[in-house]
Structures are given as C-alpha cells and as structure tokens.
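Structure record follows, encoded as structure tokens.
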Amino acid sequence: MPELPEVEAIRQDLIAMDLKGQEIESVIAFNERTLSPTEKMAWDVFFQSPRRIISIERKGKWLLLKLAGGTLFIHLRMSGKLRLTESRRPMTHERARLVIKGGASLSFIDPRKFGRIVLIEKEDASPSIGIDPTEGTFTEEALLSLLSKGQTAIKTWLLDQKKISGLGNIYVDEALFRAGIHPEHPVSRLSLAKKKLLYRSIVGTIQEAIKHRGTSLGTTNQNYSGIHKARGSHQDHLFVYSRQGKPCKKCRTPIEKVRFRGRGTHFCPSCQKPVH
DNA sequence: CACCTTTCCTGTGCGC
DNA sequence: TGCGCACAGGAAAGGT
Ligand SMILES: [Zn+2]
C-alpha cells in the first residue's frame with residue numbers, strides 16, 4: 001500500500017521520465033467515483049485546451065501535479081498505481097487516465113477503487129494535510145508541539161494525516177518499534193525522552209524507506225510497485241510489520257500481531273512494553 | 001473540538 | 001478444484 005516513501009518513488013519516476021513540462025490534453029474516467037468532481041462537464045471545461053504540468057510535488061501520501069490554472073491531487077490509497085501506456089484500450093482495473101499531448105497516457109490502475117484524482121482550481125479548496133516529515137519545518141520542536149495536544153493512543157495519533165502526513169500502517173508500526181513505544185501508549189503519557197526518540201524514529205524510518213524506494217510485500221502485482229513496475233526493497237528491512245511470529249531483530253522475542261482499532265498492529269512485546 | 005466507528009472495495013489465501 | 005469467508009486498510013462521513 002503506497003505510503004509516503006512509495007509515493008515519493010513514483011514522484012521521482014515521473015520526474016525522471018520528463019513528465020514535467022508536458023501537457024495534459026484531457027482526463028478520462030472509467031470509474032465514476034475515481035474523479036472529483038464527479039461531473040464530466042467540470043473536467044471537459046477545465047481541459048478545453050491542454051494544461052502544462054508546471055511541477056510534480058508530494059505532500060504526505062498525496063501526489064500533486066501542478067498545472068497552469070489548477071492542481072491534480074492524486075491519492076493511490078491501498079491499491080492505486082500509475083502506468084505509462086501508449087494503447088487506447090483501457091487496461092485491466094484502469095479507473096482513469098491522463099491523456100498526454102503526443103500520444104501517451106498516464107493510467108490510474110486501482111483494483112479496489114479507493115484511489116482518487118481530485119481537481120483543485122482554487123488553492124484554498126485544497127485538502128487539509130498535516131506536516132510532512134520530509135519537510136524542513138518538521139523539527140523536533142514541531143513534533144513536541146503537536147504531540148502536546150494529543151489525547152489518544154500514539155498509533156491512532158500517528159495515523160491521523162491532519163497531524164502528520166505520510167505515515168500509514170507499515171511505517172507507524174516500524175517507527176514505534178524503533179522508538180520502543182507500545183502502539184496503544186497514550187500520547188499524553190509519553191515521556192519527553194520518548195517523544196524525542198519518536199522524532200528520530202519517524203525521520204529515520206522514512207529516510208531509509210525512501211532510500212529503498214518503498215516497501216513491496218507479497219509476490220503478486222497487487223502490491224506496490226513504481227511506474228516502471230520496479231519493486232521497492234524496504235520489505236527486507238522491516239522490524240515488525242508482517243513479521244509476526246518471527247524473532248525480534250533486537251531481542252529475539254517473537255513479534256506479536258494484534259488488531260487495534262481495525263488495524264493489524266505489529267510490535268515486540270519485550271522492546272515495546274505497554275504502559276502500566 | 002477531539003475522538004471513535006462505519007463504510008467503501010476486490011484480490012488473495014485459508015479451511016474444508 | 002471449488003466454495004465461503006476473513007483479511008488487507010486510508011480517509012470521508014457521521015456520531016458522541
Ligand atoms: Zn524486541
């Protein structure tokens with residue numbers, strides 16, 4: 001599932017293939033709920049003439065194609081992928097496509113239909129997205145300040161994209177392991193030392209995962225891969241996620257998996273003691 | 001406002 | 001080999 005590092009890998013792929021500077025002629029929907037607004041008219045009006053791609057950015061898990069006069073906010077959710085195609089025929093599970101001037105298209109492949117492509121013409125209508133941990137403004141002080149208002153379990157808090165953006169289930173479990181914090185630990189009861197360690201754990205986890213071009217679990221193509229189908233390698237560096245029953249890489253205790261607020265939650269019961 | 005639950009979706013993998 | 005079902009989970013929407 002694409003989280004911050006996977007979306008960053010896709011962004012780098014798009015930049016490497018010189019998408020920036022090219023023009024989008026139209027956007028076609030194959031699944032009516034994938035595009036927002038859902039009305040075809042709004043898209044046809046916006047793309048009455050081609051729109052040049054000014055920049056390719058990312059905030060949290062959102063991929064941003066900044067166009068002249070508006071921005072496409074692309075969210076891959078669980079099963080979304082982008083593929084470059086020359087064919088006119090829709091691909092399997094293709095939910096939408098961006099038609100690029102010159103004949104190529106960027107296909108939005110999304111079996112589970114949770115992904116979205118959102119057209120925003122006015123900047124103040126942009127989705128509200130919390131601070132991204134790769135931004136320079138994400139400092140230790142910034143995290144401490146945000147955490148000071150937290151009243152819920154740390155895992156729940158970290159998954160809230162309006163607080164910090166980009167961490168999903170994999171990287172939250174990984175960051176909490178590195179910090180030695182139990183996922184259900186209340187934010188309000190974290191020591192200052194643990195909060196500072198959490199800061200370094202979040203930044204370290206994300207930096208390493210970006211370096212590895214994300215996590216590609218499983219062997220089927222249902223899982224994450226970049227625009228050229230290349231898989232990431234961070235799955236070989238996971239401490240807890242999907243490692244239930246296997247020995248902790250720090251202390252050899254078997255990793256546990258529980259269900260917490262509807263999420264599979266992986267942790268080492270010895271390195272991440274619950275609050276007593 | 002802060003937090004919690006439900007809902008949306010379909011391919012995969014398991015038990016029988 | 002096939003059937004039924006739990007599971008995967010991000011975020012919007014609605015409730016407390
Ligand atoms: Zn351990």
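Proteins get letters first, then strands, A, B, ... in listed order; numbering begins at 1 in each. These numbers were taken from a predicted model, which means no experiment stands behind them.
When the side-chain nitrogen and oxygen atoms of A:Thr152 are compared with OP1 and OP2 of B:dA2, none of them lie within a distance under 4.0 Å. Applying the 4.0 Å criterion to OP1 and OP2 of C:dG10, one finds that A:Arg263 has a side-chain N or O inside that range. In terms of phosphate contacts, A:His93 brings a side-chain nitrogen or oxygen within less than 4.0 Å of OP1 or OP2 of B:dG11. OP1 or OP2 of C:dA11 sits under 4.0 Å from a side-chain N or O of A:His75. The shortest distance between the side-chain N/O atoms of A:Lys61 and the OP1/OP2 oxygens of C:dA11 is below 4.0 Å. Under 4.0 angstrom from either OP1 or OP2 of B:dA2 there lies no side-chain N or O belonging to A:Gln151.
The residue among A:Lys113 and A:Arg261 whose nearest nucleotide of DNA chain B is located toward the 5' end is A:Arg261.
Comparing B:dC9, B:dG11, C:dG10 against the side chain of A:Arg112 picks out B:dC9 as the nearest. Set against C:dA11, C:dG10, B:dC3, the side chain of A:Gln161 has C:dA11 as its closest nucleotide.
Regarding A:Asp110, its CG atom lies at a distance of 11 Å from the P atom of B:dC9, rounded to whole Å.
With ring centers used as reference points, A:Tyr199 lies under 6.0 Å from A:Phe138.
The base of C:dG10 lies outside donor-acceptor range of the side chain of A:Arg116, with no N or O pair under 3.5 Å.
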